[in-house]
Engineer: 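Sending over a structure as C-alpha cells; questions will come in a sec.
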Amino acid sequence: MTLRWELPDGSFRTGESGITGQDLAGAIGPGLARAAVAVELDGELLDLGRPLHTSGKLRIITDRTEEGRDILRHSAAHVLAQAVLDLFPGSTFAIGPPIEDGFYYDFGIDHPFLPEDLSRLEERMEELIAADQPFIRRSMSRAEALEVFQSHPFKLEIIESVDPSEVAEGEEVTVYSNNGFVDLCRGPHVPSTGRLKAVKLLRSSGAYWRGDENRPQLQRIYGTAWESRRSLKDYLHRLEEAERRDHRKLGPALDLFSFPRQLGAGLMVWHPKGGMVRKLMEDHSRKLHEHFGFEFVFSPHLARSQLWETSGHLDFYSENMYPPMVLDGGDQYLVKPMNCPFHVLIYRSRGRSYRDLPIRLSELGGVYRYERSGVIHGALRARGFTQDDSHTFCTRQQLPAELDMHLLFVLSWLRDFGFSEFEADLSTRPDKFVGDPQLWEVAEEALLRSLQKGGVSHRVAEGEGAFYGPKIDVHVRDTIGRRWQMSTIQVDFALPDNFGLEYADTDNVFRRPVMIHSAKAGSIERFFGVLVEHYAGAFPLWLAPIQVTVSPVADRHSDYARQVAEKLESVGLRVRVDASSDRLGEKIRRAMTAKHPVVMVVGDQDVKNATVGLRRFGETQEKRAVPLPEIAAALAEEALPPNSLPG
RNA sequence: GCUGGCGUAGCUCAGACGGCCAGAGCAGCUGAUUUGUAAUCAGCAGGUCGUGGGUUCGAGUCCCACCGCCAGCUCCA
C-alpha cells in the first residue's frame, strides 16, 4: 500500500507502508538523514526506525531543534542510567527526563555520587556510546513490565501509577532496551547510542522522589548533551559567562555590597558605590511613582501580632516570619514580612468616599522573611530586603484601568533599566481561594486584557494564583538570555475583607474596595543583583557610581586634571581623579577593571588645547584631543535618567 | 530544612603520609620612578588556618558539633 505524507513546507512524499522515518529522511537528503533523530506523524513522536503504516502530516525532527535535543538528551539519560547500573550494582533507577540545556537521572543508591564517580561514569558512557548500541523499542503488558522491573521499586510505582505521559496509553507500556539494559520509556529515542556526539556530566545532588520532601531522597546526576562538540563548547562557554557575571562575585569585587558573616545568612550591607546606584534607582522609582499618581507613605518594621492575625499572615505566612518578641505586658511583636497591613491601616485611618478612590500608596519598605537556609542566594534571595511596594485601593469599576496603568508603569520601569524582552505569567484562581468567583473572573479578565493591550507576551498559569487573588508576574530576559522574575501585580480580595475596608459610594452605600499589590522592581536588592548580572557590573552612564576617571599623564598635569573634574562635576557628573604615580597603562587598567564608563587622559597637549583623551568602557580605541566643553555637555546629556514614559 | 561539596591574609590559591618559625601572586602601606591608553621597580606590613570541642607527645592536616558559602531538591521577591 502506498502512503502519502504532507511535510511542513506543504510538499508531499509518498512511500510504501512499512518504510521508516530514517528511509524517508534519506530520500529527502543525506544531510537531513544525518541530523534526523525522530519523526512526528500527526502530532505523535516516533522513533526513526519505526515502520510507518499511516498517511498524514509528517515532520522530521532534527538534532538542531530543541525538540530534537530533548530526544538526544533523553537518550543520553538512558545511557547514564545504563552506566550507573553497570558501575554501581544494586542501585535502582527512577526517572531521567530532558530539561533545559540538559538532562538528569535520579537513582536510588546508598552511595552519594562524588566528582570522581562522575568521571568514571562519563568514561563508561563514552564506551557505551562508542559501542553504538541500537535502542530497541518494545511494548509489553503491564503485568510483564512489573515482572521485568521487579527489583526497581520506582519503576514499579510508575507502571502502577498509569501516568500515560511517562509510560504509554492503555494497558500496554513500552520499554527501550540496548544491550541488555532495559528502561521503561515512552520514547522516542535516537536510533543508537552512537548518535550521542557530545555528552558531559555536570554535577550530582540530592532530589526527592516525585519532588516531595516527605518521600525518599534520591541521588540525581545532571548532565548535558548536544548535537555536536561545538554546541557543547558553546554551552559550557555560556555557563562560564554566567559565572563571570555572578553578582555574588562582582558585588564585593566592585565594592558595591557584601554579606558580612557577622550579620548572618541572607543579610547584606550596601557599600557607598552600591549605595549610589541604589539611590539612583530609588530616585527613579519615586519619580515614576509620582508620575503615576502614587503617594508616599512610611511604616515601621514591626507590629503587634494581632495585626498579623487580622491580615491572615499568621495563618498563611507564619513559617516565613521571625519568631515574636515579647514586650511589656506580654504583647507579642512581629517583624514585618510584608508592608500591606500597614497600608491598609492608613486607608482605614479615616472614612473613605468614592471620591477618594483610587488611593495609591507606595513605600520602599524593608521586610524580613525567614527563608530556609538552603534557598538563600546572594542578593537575589535574601532574608532582609526592601520592596518597592505599593497598594492601590479602588472600586471594582476602576480595576481594569488601574491594572492597565500598573502594567504600563512596570514596563516603563523595566525598559528604563535596559530590559526589552518581557514575558508575563498570568496566574489564575487556585482550588483554594477566597472571595467571589465572579469577581475572580472579572479580575482575571481585566489582567488578561491589560496584557493584551500592553502587547506583552504571556502565558496563563492555571490555578497558580495566590489564594487571595489572581496576579501577573513580569519576567525579563537579561543580556545572556536568562529569565528573571521581577515585577508583580496582584489583585487582592482577601485583605479588604479581613480588615473590613469600605468606602461610601455615590448611593451612600458602603462598598468594599479592591486592592492591588504591586512591586515594580520586586525587591530592590534582588533587582540590583539582576542588574549587576545583566550589565556584568558595567553600569550604563546614568547608573554608574563613578562615571568618569580623569587620569593625568604626569604630575604636572594634575592641576589641569582637577580643573577637568570640576568642569564635569559642575554639569552633574560623578568624577574621580587618579593622581597616583602609577604609569598611565596601570591607571587605565584600574579604571577598566573597576568598569568605569569613561576615562579621560590629560597630558601636555590637552593642557595646551583644553582637550582630553577619551576612552570609553568596552571600546578598545581611544579618541584624542576631544574639546572639554563639548564632551562635558555630551556626557551630561547621556547621564540623564532615561525617560520611557509615554506621552 | 534535605543531599553532596567546600571554608588557609581583603581577593585568588600553595601547604604528600599529622612533625622544624604557615607560603605565593594581586590588593594595602612606604620609598624610588613622572610615565599618552589594560600591570614600573624595591621594601614593609598583613593569618585566633570559619567557631567550639575532642583524639594525639604534637592538628591547618584526623574525629564530632555548630556557623557560613556553593550546587541541586523543596520553597519563593
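In the text below, chain A, chain B and the rest are named by the order of the sequence lines, each starting its count at 1.
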Engineer: Just name whichever nucleotide pairs with B:G58, Watson-Crick or G-U, keeping both distances under 3.5 Å, else none.
Structural biologist: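 The base-pairing partner of B:G58, which may sit in any strand shown, does not exist here.
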Engineer: What's A:Asp582 touching, base or sugar-phosphate or nothing? Going by heavy atoms closer than 4.0 Å.
Structural biologist: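 Base contact.
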Engineer: Measuring only the C1' atom in each nucleotide, how far is B:C44 from B:U48? A whole number of Å is fine.
Structural biologist: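 Their C1' atoms lie roughly 23 Å apart.
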Engineer: Measure CD/A:Gln605 against P/B:U35 and give the value in whole Å, please.
Structural biologist: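 Distance, rounded to whole Å: 14 Å.
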Engineer: Quick one: A:Trp209 CH2 to B:U3 C1', roughly how many Å, whole number?
Structural biologist: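 Nearest whole value for this atom pair: 17 Å.
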Engineer: Within the 4.0 Å heavy-atom criterion, would you say A:Asp473 contacts the bases, only the backbone, or no part of the nucleic acid?
Structural biologist: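 Here A:Asp473 touches no strand at all.
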Engineer: For A:Ile376 and B:A77, what is the distance between atoms CD1 and C1' respectively, to the nearest whole Å?
Structural biologist: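 Rounded to the whole Å, the gap is 14 Å.
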Engineer: Rounded off to whole Å, could you give me the CG-to-C1' distance for the A:Asp425 and B:A77 pair?
Structural biologist: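 A:Asp425 atom CG is separated from B:A77 atom C1' by 14 Å.
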Engineer: Checking side-chain polar atoms at under 3.5 Å, does A:Asp582 have a donor or acceptor matched by the opposite partner on A:Ser580?
Structural biologist: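 Yes, A:Ser580 and A:Asp582 have a side-chain donor paired with an acceptor closer than 3.5 Å.
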Engineer: Counting just side-chain N and O atoms, does A:Tyr317 come under 4.0 Å of either OP1 or OP2 of B:C76?
Structural biologist: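 No, outside the criterion.
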Engineer: For B:C57 versus B:C11, give the span between their C1' atoms, rounded off to a whole number of Å.
Structural biologist: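 Nearest-Å result for B:C57 against B:C11 at atom C1': 38 Å.
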Engineer: How far does the P atom of B:C17 sit from the matching atom of B:C63, given to the nearest Å?
Structural biologist: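 Per the computed distance, 12 Å lies between those P atoms.
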Engineer: Any donor-acceptor pair under 3.5 Å linking the side-chain atoms of A:Thr549 with those of A:Lys587?
Structural biologist: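 No - no donor-acceptor pair under 3.5 Å links their side chains.
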Engineer: Which residues pass the side-chain hydrogen bond (donor to acceptor under 3.5 Å, both in side chains) test with A:Ser427, not counting sequence neighbours?
Structural biologist: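 So A:Ser427 forms no side-chain hydrogen bond (donor to acceptor under 3.5 Å, both in side chains) with any residue.
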Engineer: Would you mind classifying the nucleic acid contact of A:Phe527 as base, sugar-phosphate or nothing, using non-hydrogen atoms under 4.0 angstrom?
Structural biologist: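 Here A:Phe527 touches no strand at all.
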Engineer: Can you check whether any acceptor in the base of B:U33 is under 3.5 Å from a donor in the side chain of A:Ser581, or vice versa?
Structural biologist: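 It does, because a donor-acceptor pair links the side chain of A:Ser581 to the base of B:U33 below 3.5 Å.
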Engineer: Measuring to OP1 and OP2 of B:G1, would you say a side-chain N or O of A:Tyr370 lies under 4.0 angstrom away?
Structural biologist: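 Yes, within the criterion.
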Engineer: Atom CG of A:Leu267 and atom C1' of B:C67: how far apart are they, to the nearest Å?
Structural biologist: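 Rounded to whole Å, this separation is 14 Å.
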Engineer: In Watson-Crick or G-U wobble terms, both distances under 3.5 Å, what is the partner of B:C20?
Structural biologist: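 Base-paired to nothing in any strand shown.
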Engineer: Between A:Arg624 and B:U37, does any side-chain N or O lie under 4.0 Å from OP1 or OP2?
Structural biologist: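 True: A:Arg624 side-chain N/O within range (under 4.0 Å) of B:U37 OP1/OP2.
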Engineer: What integer number of Å spans the C1' atoms of B:A9 and B:C49?
Structural biologist: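 Here B:A9 and B:C49 have their C1' atoms 10 Å from each other.
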Engineer: Just N and O in the side chain of A:Arg556: are any of them under 4.0 Å from OP1 or OP2 of B:U35?
Structural biologist: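 Affirmative; the distance criterion is met.
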Engineer: Describe the nucleic acid contact of A:His377 in one word from base, sugar-phosphate, nothing, applying a heavy-atom distance below 4.0 Å.
Structural biologist: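 Counting heavy atoms under 4.0 Å across all strands, the contact made by A:His377 is with sugar-phosphate only.
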Engineer: Checking all strands, does A:Gly603 fall into the base, sugar-phosphate, or nothing category for heavy-atom contacts under 4.0 angstrom?
Structural biologist: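 Touches a base.
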Engineer: Using atom P in both nucleotides, what's the gap between B:A16 and B:G60 to the nearest angstrom?
Structural biologist: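 These two P atoms come out 12 Å apart once rounded.
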Engineer: Checking base pairs now: Watson-Crick or wobble, both atom distances under 3.5 Å. What partners B:G28?
Structural biologist: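 In the structure as shown, B:G28 has B:C44 as its Watson-Crick or wobble partner.
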Engineer: Between B:C73 atom C1' and A:Arg372 atom CZ, what is the distance in whole Å?
Structural biologist: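 That distance rounds to 10 Å.
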Engineer: Using the P atom as the point on both nucleotides, what is the distance between B:A77 and B:G4, in whole Å?
Structural biologist: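 29 Å, rounded to whole Å.
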Engineer: Does the B:C70 base have a donor-acceptor partner in the side chain of A:Arg203 within less than 3.5 Å?
Structural biologist: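 Between B:C70 and A:Arg203, which were checked side chain against base, a qualifying N/O pair under 3.5 Å is absent.
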Engineer: Using a 4.0 Å heavy-atom cut-off, does A:Lys249 contact any base of the nucleic acid, only the sugar-phosphate backbone, or nothing at all?
Structural biologist: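 It contacts sugar-phosphate atoms only.
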Engineer: Judged by each residue's nearest nucleotide on RNA chain B, which is more toward the 5′ side, A:Gly211 or A:Phe617?
Structural biologist: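 The 5'-side residue here is A:Phe617.
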Engineer: What nucleic acid atoms does A:Ala253 come within less than 4.0 Å of, heavy atoms only: base, sugar-phosphate, or nothing?
Structural biologist: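 No contact at all - A:Ala253 keeps every heavy atom at 4.0 Å or more from the nucleic acid.
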Engineer: Could you tell me whether the side-chain ring of A:Phe385 sits stacked on the base of B:A77, using a centroid cut-off under 5.5 Å and a plane angle under 30°?
Structural biologist: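 Ring-base stacking flag set for A:Phe385 and B:A77.
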Engineer: Quiz question: going by heavy-atom distance under 3.5 Å, is there a donor-acceptor pair between the base of B:A77 and the side chain of A:Glu371?
Structural biologist: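 Under the 3.5 Å cut-off, the side chain and the base do form a donor-acceptor pair.
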Engineer: So what does A:Ala265 touch, heavy atoms closer than 4.0 Å: a base, only the sugar-phosphate, or nothing?
Structural biologist: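 Sugar-phosphate: the residue A:Ala265, judged by heavy atoms under 4.0 Å, touches backbone atoms but no base.
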Engineer: Do A:Asp212 and A:Arg210 meet the salt-bridge criterion of a basic N to acidic O distance under 4.0 Å?
Structural biologist: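 Result for this pair is no, no salt bridge flagged.
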Engineer: Check whether more than 12 heavy atoms from other residues, nucleotides or ligands sit under 6.0 Å from atom CD of A:Glu241, and answer yes or no.
Structural biologist: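 More than 12 within 6.0 Å, yes.
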Engineer: Reckon A:Arg583 touches a base, only the sugar-phosphate, or nothing at all at heavy-atom distances under 4.0 Å?
Structural biologist: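 A:Arg583: base contact, heavy atoms under 4.0 Å.
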Engineer: Could you check whether A:Ser204 gets within reach of a base, just the sugar-phosphate, or nothing at all, counting any heavy atom under 4.0 Å?
Structural biologist: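 Counting heavy atoms under 4.0 Å across all strands, no contact is made by A:Ser204.
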Engineer: Donor-acceptor check, side chain of A:Arg526 to backbone of A:Gln485, threshold 3.5 angstrom: yes or no?
Structural biologist: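 Yes; at least one donor-acceptor contact below 3.5 Å.
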Engineer: Have a look at A:Asp604 and say if it touches a base, only the backbone sugar-phosphate, or nothing, with a 4.0 Å heavy-atom cut-off.
Structural biologist: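 It contacts base atoms.
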Engineer: Rounded to the nearest angstrom, tell me the gap between atom NE2 in A:His391 and atom C1' in B:A77.
Structural biologist: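 Those two atoms, NE2 and C1', are 13 Å apart.
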Engineer: Which is true for A:Gln387 with a 4.0 Å heavy-atom rule: it touches a base, it touches only sugar-phosphate, or it touches nothing?
Structural biologist: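 The residue A:Gln387 makes no contact with any strand.
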Engineer: Return the 5'-most residue of the pair A:Ser373, A:Arg615 with respect to RNA chain B, ranking by each residue's nearest nucleotide.
Structural biologist: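 Its nucleotide being nearer the 5' end, the pick is A:Ser373.
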Engineer: For B:A65, give its Watson-Crick or G-U wobble partner with both distances under 3.5 Å, or none.
Structural biologist: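 B:A65 is paired with B:U51.
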Engineer: Return the NE2 to CG distance between A:His271 and A:Asp255, rounded to the nearest 0.5 Å.
Structural biologist: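 CG of A:Asp255 is found 5.0 Å from NE2 of A:His271.
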Engineer: Report yes or no: is there a donor-acceptor pair, N or O only, under 3.5 Å between the side chain of A:Tyr208 and the base of B:G1?
Structural biologist: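 It does, because a donor-acceptor pair links the side chain of A:Tyr208 to the base of B:G1 below 3.5 Å.
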Engineer: Going by distance alone, is a donor N or O of one side chain under 3.5 Å from an acceptor N or O of the other, for A:Glu533 and A:His247?
Structural biologist: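 There is such a pair between these side chains.
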Engineer: Quick one: is A:Arg248 getting a side-chain N or O under 4.0 Å of the B:A71 phosphate, OP1 or OP2?
Structural biologist: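 Checking A:Arg248 against B:A71: at least one side-chain N or O falls below 4.0 Å of OP1 or OP2.
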Engineer: For A:Leu239 and B:G72, what is the distance between atoms CG and C1' respectively, to the nearest whole Å?
Structural biologist: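 These atoms are roughly 14 Å apart.
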Engineer: Identify the nucleotide, in any strand shown, that forms a Watson-Crick or G-U wobble pair with B:C2, with both distances under 3.5 Å; if there is none, say none.
Structural biologist: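 Pairing partner: B:G72.
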Engineer: Could you check whether A:Gly613 gets within reach of a base, just the sugar-phosphate, or nothing at all, counting any heavy atom under 4.0 Å?
Structural biologist: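 Since a base atom lies under 4.0 Å of A:Gly613, the category is base.
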Engineer: Could you go step by step and tell me if A:Phe93 and A:Leu85 meet the side-chain contact (heavy atoms from CB on, under 4.5 Å) rule?
Structural biologist: CA-CA 8 Å; A:Phe93 55 148; A:Leu85 263 53; 3.9 Å; yes
Engineer: Tell which nucleotide pairs with B:A38, taking only Watson-Crick or G-U wobble pairs whose two distances are both under 3.5 angstrom.
Structural biologist: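 Its partner: none found.
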